[in-house]
Amino acid sequence: MASDLPEAVAGYERSAGGDLRWVWSSGAENYPALLRAGVRIARCHDIALAERLLLGRDGRGGEPASLEAAHARLRGAPPPPERAQAAPGEGPGRPREQQGALFEPAGTGITDPRAVLEAVIAVHADQLRRIAADEHPARFGALVAAESAGALAAAEMTFAGMPWRADVHDGLLSEMLGPRPPAALAGTRPARLTELAAQISAALGGRPVNPDSPTQLVKALAAAGVRVSSTRFWVLHEVDHPAIPPLLEYKELSRLHAAHGWAWLDAWVRDGRFRPEYVVGGVVSGRWASRGGGALQIPRVLRRAVVADPGWVLVVADAAQLEPRVLAALAGDRAFAEAAAGGDLYEGLASVFGGDRNKAKKALLSAMYGGAGGEAGQLLAVLRRRFPVASGYVETAARAGEEGRVVRSVLGRACPPPSAAWRAVTEESGDEEAERDPGAGRASRARGRFTRNFVVQASAADWALVLLAALRRRLAALPGPGSARDAGVGPTRAGRWDPLAPHLVFFQHDEVLVHCPEAMAQAVVTAVAESAAEAGRAVFGVTPVRFPMTTAVVGCYADAK
DNA sequence: GGTCGGGGCGCG
DNA sequence: AAAGCGCGCCCCGACC
């Protein structure tokens, strides 16, 4: 393709003043190269993500969703195999390199530019038809647009990177684990873990026990007169034995060392930035997943290492009690929405549970997750009596799941249909006298819990995705902090990635981080609030439910809340 | 030598 | 107290 393609793209963006939607095979494949060339685009239709949503809706989520596959299906030809996810020779825990020429789908398939263009046009037209044929075309169209915008935001966050102070991270590790083992001893336990392992072995009779091995631990504990069903934290926590305190400390520290220790730092932090690769729509509910780096599981203790650049700040914003609010809006439960009108939803509901905020929280979580053990049953009964509409909503979703049906999020993302194995287990025997498989009830209830949670989690993901898209758009429209940048506001900025403008650097289900010049922090806070309100309207229409975000302007992520 | 499922635990 | 939902990734140990 033309070497000046990024220039041409930027030119179109500029002349269209942002009122332009690129249609392309995949943002994840195409956008990183544009960003590296300094080009930012405003909007796109992402064929691969749209195809994934459409296939999921039609109960065909297992089929490949690439442009080539969609085009082949359109022509009645057999779809090509899914592209390999990882290039050969790529080790785990290493950042990936983006490959492939711009706009040229990688791997096997279409290589002739005219054929690519023809395929894009044909598949796009077909997708628009299939969207229009949806039960709720406007909502499903909004979902496709938000998912596409999400792909842009994801690529931009990877490109910008999360500010990460390797020296602070190293200091935290040394403080907790002892000094970093020299390179020659890489892979061995640091001092503190070695000490703890020795203490554990000594307390268990003196023979060496590998605390990383649940099997060895259970045996050694049994020999010491302690019988445990597992070596999970909360099981061991109840045990009174001298080996337990060092063991619990070992487990906590060894996890940090293994998952986010020095090896992680070497592999994932470069030039003061952590650049995880997000997988948009990687979770069935529409939440994002990440590939490598454990980006969505960063231990809270390491937030200390996330520090804004000099003169810059982090705006940390997270949606307060998003999922119960989503349930209130989904179900249209007026009583619930009114009880939750205040800032803290659980506090607002506490009066229903004898003034106990924790009980309110437990009742809501049980309703959304399907828990019913212990106290939860009683609390659920209270919830059902006081908020029958909201309770009925999740009960209906659970019943659908138990019966093998599918459910959808508010914008229309579909949950996967049950597997063939599930159908086989739960199928009623034709013979009335025959014993029903004892696993049938268990499998049925498990799917009920899944669909019960899906309607809430997936609708919350819809809202968060729309929020992210709105915030990305609003951030790009903010005037700059100084006169130099003011001169660049408007059309001349369109189509350009501006490293001095506020940008999203992290997104974790219901939380966003924006890195911005200090002088722009208040404007960003306002943009966050406006985006949240916009998302509420766009996803749920007219509703009394509010979706407040708690925002903090900080120099360090750890100082937010 | 490699793969794969389970146990365990980090995040929401 | 955690569980009940969704993930990714570590280590171990069984297996090829």
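Per chain, numbering begins at 1; letters A, B, ... match sequence-line order. Side chains included, hydrogens not; waters and symmetry mates left out as well; all remaining heavy atoms used.
- The phosphate of dC7(C) (OP1 or OP2) has no side-chain N or O of Ser290(A) nearer than 4.0 angstrom.
- Nucleic acid contact class of Arg300(A) (heavy atoms, under 4.0 Å, all strands): sugar-phosphate only.
- Closest approach of Pro324(A) to Leu345(A), counting heavy atoms only: CB-CD2, 3.8 Å.
- Computed from coordinates, the Leu302(A) CG to dC9(B) P distance equals 18 Å when rounded to whole Å.
- Residue Tyr278(A) contributes atom OH, which lies 16 Å from atom P of dC11(B) at whole-angstrom precision.
- Distance Leu465(A) CG to dG6(C) P: 20 Å, rounded to the nearest Å.
- The aromatic rings of His169(A) and Trp164(A) lie tilted to each other, with the angle between the two planes from 30° to 60°.
- Both tests pass for Arg303(A) against the ring of Tyr557(A): distance under 6.0 Å to the centre and angle within 45° of the axis.
- dC10(C) atom C1' lies 9 Å from atom CG of Asp212(A), rounded to whole Å.
- Secondary-structure stems of DNA chain C, taken as three or more successive Watson-Crick or G-U wobble pairs (i with j, i+1 with j-1) under a 3.5 Å distance threshold, comprise B:1-12 with C:5-16.
- Contact annotation for Val284(A): backbone-only contact, meaning every heavy-atom pair under 4.0 Å involves sugar-phosphate atoms and none involves a base.
- Relative orientation of the Phe387(A) and Phe336(A) rings is tilted, given thresholds of 30° and 60° on the angle between their planes.
- Rounded to whole Å, atom P of dG12(B) lies 8 Å from atom NE2 of His509(A).
- Here Asn210(A) lies in heavy-atom contact (under 4.0 Å) with sugar-phosphate atoms only.
- Between the base of dC9(B) and the side chain of Arg255(A) there is a donor-acceptor pair shorter than 3.5 Å.
- Among the heavy atoms of the strands lying under 4.0 Å from Ile298(A) are primed sugar atoms or P, OP1, OP2 only; no base atom is included.
- A close approach under 4.0 Å does not occur between any side-chain nitrogen or oxygen of Ser366(A) and OP1 or OP2 of dG4(C).
- For dG4(C), the O4'-C1' to base torsion is within 90° of 0; the nucleotide is therefore syn.
- Note on Arg287(A): a base of the nucleic acid sits closer than 4.0 angstrom, heavy atoms only.
- Contacts of Ser285(A) with the nucleic acid, taken as non-hydrogen atoms under 4.0 Å apart, are absent.
- In this structure, Ser254(A) reaches neither bases nor backbone, as no heavy-atom distance under 4.0 Å exists between it and the strands shown.
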message: salt bridge (Lys or Arg N to Asp or Glu O under 4.0 Å) for Glu395(A) and Arg384(A)? Distances and angles first, verdict last.
response: CA-CA 10 Å; Glu395(A) 301 299 336; Arg384(A) 210 170 285 134; 3.7 Å; yes

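- For the side-chain contact (heavy atoms from CB on, under 4.5 Å) with Thr550(A), the lone residue among Val316(A), Val528(A), Asp318(A) that qualifies is Asp318(A).
- If you check every strand for non-hydrogen atoms under 4.0 Å, Lys251(A) touches sugar and phosphate atoms only.
- Salt bridge Asp266(A)/Arg180(A): present, at least one basic N to carboxylate O contact under 4.0 Å.
- Protein atom CG of Leu365(A) is 14 Å distant from nucleotide atom C1' of dA1(C), rounded to whole Å.
- Here Arg303(A) lies in heavy-atom contact (under 4.0 Å) with sugar-phosphate atoms only.
- For the pair Phe233(A) and Gln457(A), both in contact range of DNA chain C, the more 5′-proximal nearest nucleotide belongs to Phe233(A).
- The NZ-P distance, from Lys361(A) to dG12(B), rounds to 11 Å in whole Å.
- Taking atom CH2 of residue Trp268(A) and atom P of nucleotide dG8(C), one finds them 13 Å apart after rounding to whole Å.
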